[in-house]
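Notes follow once the structure below has been shown.
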Amino acid sequence: MSYDSVNPYTGELMKHFDEHSDEAMEDALSRADACFRSFGTVEARAEVLRKAAALMRERREDLARMITLEMGKLIRESRDEVELSASILDYYAEKAPKLLARRPLEESTVGEAWLELEPIGVLIGVEPWNYPFYQLVRFVGPNIAAGNTILMKHAPGVPQCAVAFEKVMQDAGAPDGAYINLFLSNDQVSRLIADPRIQGVALTGSERAGESLAAQAGKALKKSTMELGGNDAFIVMEDFDPRLAARMAAQGRMGNCGQVCVGSKRFIVVDKIADEFLAELMRLMAQYIPGNPMDESTTLGPLSSSLALDRLVEQLDIALRHGATLLMGGSRPAGPGAFLSPTILTDIDRSNPAYSQEFFGPVAMFFRAKDEDEAMKIANDSPFGLGGAICTSDPRRARRLASRLQSGMVFINYPALTAPELPFGGIKRSGYGRELSGLGIEEFVNKKMVCMV
Ligand code: NDP
């Protein structure tokens with residue numbers, strides 16, 4: 001396992017970090033455990049989050065540069081990520097006292113009863129590289145507010161971001177042990193999960209990682225949340241403007257160079273407007289031009305690493321060998337960087353492995369449906385169930401179709417987005433549990449019932 005900071009645009013190794021030793025891991029665990037026992041009041045913890053948010057804003061340019069240099073995100077998207085991350089920390093700083101307040105159980109017929117929401121202890125976060133700060137704060141905001149302490153294993157490709165966030169937390173006044181970044185091997189993570197001092201595990205990542213970590217958490221009887229992949233449908237009804245739908249589709253597919261779990265990935269369009277939608281989508285996707293992600297004018301950044309590009313190209317080859325048609329893209333542009341040109345596939349049969357796979361990059365899958373029922377059938381015919389979008393100009397139809405979509409989140413007339421107050425998470429092979437909003441703070445707390453008979 002190597003924690004190497006490599007620029008995916010130039011291929012340059014910027015910095016190498018050694019893994020933490022077992023002794024360092026044990027030391028971190030003891031400090032996190034000790035901190036948990038004496039973690040301050042909710043007001044004090046909220047103050048740490050508030051300061052961390054302010055520091056992220058103050059350091060926005062440096063943090064944004066770091067994201068772009070380590071994983072290739074367009075610099076303006078990196079700035080947006082830093083702002084969003086700060087807003088999540090602020091959200092929990094402001095809302096935590098209310099979200100964690102004692103809840104009377106009015107229905108009790110036995111006596112006065114209530115719920116107390118108590119922290120449970122030291123948690124492990126295992127996070128991915130696609131949003132190096134946002135992924136951290138989704139877990140850190142609610143859990144520091146709740147009074148849990150955190151050991152973080154970030155993805156090996158973004159170690160400088162991992163260290164920078166730990167510094168933000170330290171500078172914000174987090175007590176020693178409240179938040180510790182660790183460069184760990186998977187084997188070390190397994191040993192931590194089994195340790196009785198650890199009380200919970202949160203992962204955002206692939207299905208492969210989810211299967212492994214959920215099994216380990218289950219074996220140790222630890223609470224876990226799994227935020228895994230998605231293959232979100234973007235459904236367009238015949239009553240919606242196909243050109244507007246195509247604009248949102250391109251935005252939903254191409255953000256973060258397509259490396260978004262909740263990105264729009266399968267475009268399912270009712271026949272009547274399918275040709276117009278597709279022509280416009282192709283025109284718009286062709287406007288994403290590869291370039292240096294540090295340049296303000298660049299529209300298409302590289303993928304996060306050359307390995308990610310190799311995997312995506314192989315996945316495309318398999319899809320084409322199984323009969324898919326390549327409408328555009330599919331090539332590596334000449335020049336430096338881990339780029340894939342914007343790609344659209346169609347004619348993807350159920351027997352094609354691509355039909356049920358997530359493409360983590362700028363690859364759109366296009367499907368025609370004869371009507372609403374067929375569109376919903378295709379949309380739900382997926383092992384995943386993270387998000388989804390429905391475009392229709394009829395609000396009653398929108399509500400009806402939203403209820404039929406098998407997913408954790410549905411957006412009407414917009415591609416997926418994220419906000420501190422909106423719960424985030426999925427069903428089926430997209431995982432379980434929710435992050436963000438009031439639901440996010442409830443995942444790793446003891447909802448203790450007290451009844452005075
Ligand atoms: P991974 O799931 O491998 O990585 C995500 C995080 O999980 C990393 O920190 C990784 O660390 C860790 N991890 C993976 N397996 C284990 C394990 N057994 N024990 C402990 N930690 C583990 O994703 P990749 O980066 O390889 O991306 C592959 C695919 O995953 C993408 O193509 C995409 O489909 C999906 N993905 C989904 C994301 C989402 O937002 N839901 C985000 C990123 C990826 P390490 O590398 O050290 O094993």
Side-chain angles (χ1 to χ4, degrees), residues 1-4 6 8 17 19-20 25 70-73 81 124-136 138-139 151-159 161-162 181-194 198 201-217 219-220 224-232 255-263 265 303-316 338 340 354 356-363 382-387 408-409 416 418 424-426 428-433 435-436:
M1 180 65 55
S2 96
Y3 283 82
D4 286 337
V6 176
F17 293 80
E19 255 177 40
H20 282 102
M25 181 173 89
E70 285 201 307
M71 55 70 67
K73 196 189 301 274
E81 181 184 335
I124 308 175
V126 178
E127 301 295 340
W129 42 265
N130 60 341
Y131 288 90
F133 294 113
Y134 162 73
Q135 299 285 14
L136 299 184
R138 289 202 312 188
F139 180 55
L151 300 180
M152 183 61 75
K153 183 237 174 285
H154 212 332
V158 288
C161 289
N181 173 66
L182 288 170
F183 295 130
L184 299 178
S185 67
N186 290 352
D187 180 55
Q188 286 174 309
V189 172
S190 301
R191 276 182 275 136
L192 274 184
I193 293 173
I198 294 289
V201 185
L203 166 76
T204 296
S206 61
E207 289 171 270
R208 179 187 58 84
E211 283 173 2
S212 170
L213 290 174
Q216 293 175 49
K219 184 154 184 261
S224 64
T225 57
M226 296 287 139
E227 206 279 88
L228 310 178
N231 206 2
D232 289 3
N256 207 27
C257 197
Q259 304 164 111
V260 187
C261 51
V262 78
K265 294 181 185 131
L303 289 163
S304 63
S305 67
S306 55
L307 181 64
L309 175 61
D310 291 345
R311 281 191 196 149
L312 197 60
V313 168
E314 193 189 331
Q315 213 185 340
L316 272 174
L340 182 77
S356 41
Q357 280 174 356
E358 172 183 37
F359 282 88
F360 220 59
V363 180
S382 167
F384 296 102
L386 192 57
M409 297 167 275
T418 181
F424 193 106
K428 304 204 271 187
R429 288 188 70 81
S430 294
Y432 50 83
E435 293 190 302
L436 300 177

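Just so we're clear, the structure is a prediction, and the values are computed from it rather than from any experiment. For ligands, and for the atoms within them, numbers begin at 1 and follow the listed sequence. If you read the sequence from its start, that first residue is 1, and numbering goes on from there.
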Report summary line: So for Ser212 against ligand 1, with non-hydrogen atoms under 4.0 Å, the contacting part is side chain
Requested in this report: Mark the output for Leu203 as yes if a heavy-atom distance to ligand 1 is under 4.0 Å, and as no if none is.
Outcome: yes
Report summary line: Here the atoms of ligand 1 under 4.0 Å from any heavy atom belonging to Gln135 are 40 (O)
Report summary line: So the atoms of ligand 1 within less than 4.0 Å of a heavy atom of Glu227 turn out to be 41 (N)
Requested in this report: Apply the test side chain to side chain contact (heavy atoms under 4.5 Å, CB included) to residues Leu192 and Met25: give CA-CA distance (whole Å), side-chain angles for both, the deciding distance (0.1 Å), then the verdict.
Outcome: CA-CA 9 Å; Leu192 274 184; Met25 181 173 89; 3.8 Å; yes
Query raised in the report: Any idea which part of Arg311 is under 4.0 Å from ligand 1, heavy-atom wise: side chain, backbone, both or neither?
Result: side chain
Query raised in the report: Is ligand 1 under 4.0 Å from a heavy atom in the side chain of Tyr131, in the backbone, in both, or in neither?
Result: neither
Query raised in the report: Going by the order shown, which atoms of ligand 1 are within less than 4.0 Å of some heavy atom of Val126?
Result: 6 (C), 7 (O), 9 (O), 12 (C), 21 (N)
Query raised in the report: Does one side chain, of Tyr131 or Thr204, offer a donor that lies under 3.5 Å from an acceptor on the other?
Result: no
Query - Pair Glu227 + Arg138, salt bridge at N-O below 4.0 Å - result: yes
Query - Salt bridge flag under 4.0 Å for residues Lys265 and Glu358 - result: yes
Query raised in the report: Within the structure, does Gln216 bring an N/O atom to less than 3.5 angstrom of an N/O atom in ligand 1?
Result: no
Query raised in the report: Side chain or backbone of Ser206 under 4.0 Å from ligand 1, or both, or neither, by non-hydrogen atoms?
Result: both
Report summary line: Rounded to the nearest 0.5 angstrom, the OG-CH2 distance for Ser305 and Trp129 is 7.0 Å
Query raised in the report: So how far is it from Leu312 CG to Gln259 CD, rounded to the nearest 0.5 Å?
Result: 8.5 Å
Requested in this report: May I ask you to decide if the ring planes of Tyr3 and Phe183 are parallel, tilted or perpendicular, using 30° and 60° as cut-offs?
Outcome: tilted
Query raised in the report: Looking just at side-chain N and O atoms, do Ser2 and Asp4 make a donor-acceptor pair shorter than 3.5 Å?
Result: yes
Query - Heavy-atom proximity to atom 11 (O) of ligand 1, best of Glu211, Lys153, Met152 - result: Lys153
Query raised in the report: Can you list the atoms of ligand 1 that are under 4.0 Å from a heavy atom of Pro156?
Result: 11 (O), 45 (P), 46 (O), 47 (O)
**Report entry** Short side-chain to backbone donor-acceptor contact, Asn181 and Leu151, under 3.5 Å
**Finding:** no
Query raised in the report: Any ion pair linking Glu211 and Arg429 (charged N to carboxylate O, less than 4.0 Å)?
Result: yes
Query raised in the report: Nearest non-hydrogen atom to atom 39 (C) of ligand 1 belongs to which of Gly125, Ser305, Gly157, Cys261?
Result: Cys261
**Report entry** Arg208-ligand 1 polar pair, N/O distance under 3.5 Å
**Finding:** yes
Report task. Could you list which atoms of ligand 1 come closer than 4.0 Å to a heavy atom of Glu127? Result -> 6 (C), 8 (C), 9 (O)
Query raised in the report: Quick one: CG on Asn231 to CG on Leu386, what's the gap to the nearest 0.5 Å?
Result: 10.0 Å
Query raised in the report: ligand 1 versus His154, non-hydrogen atoms closer than 4.0 Å: side chain, backbone, both, neither?
Result: backbone
Requested in this report: Heavy-atom contacts with Leu228 under 4.0 Å: which atoms of ligand 1 show up? List them by number with element.
Outcome: 41 (N)
**Report entry** Test of proximity, Tyr3 against ligand 1: N or O pairs below 3.5 Å
**Finding:** no
Report task. Run the numbers for me: atoms of ligand 1, each under 4.0 Å from some heavy atom of Trp129, listed by number. Result -> 24 (P), 25 (O)
Report task. Spell out, as yes or no, whether a donor-acceptor pair under 3.5 Å connects the side chain of Lys73 to the backbone of Cys257. Result -> no
Query raised in the report: With a cut-off of 4.0 Å, which atoms of ligand 1 are near a heavy atom of Glu358?
Result: 33 (C), 34 (O)
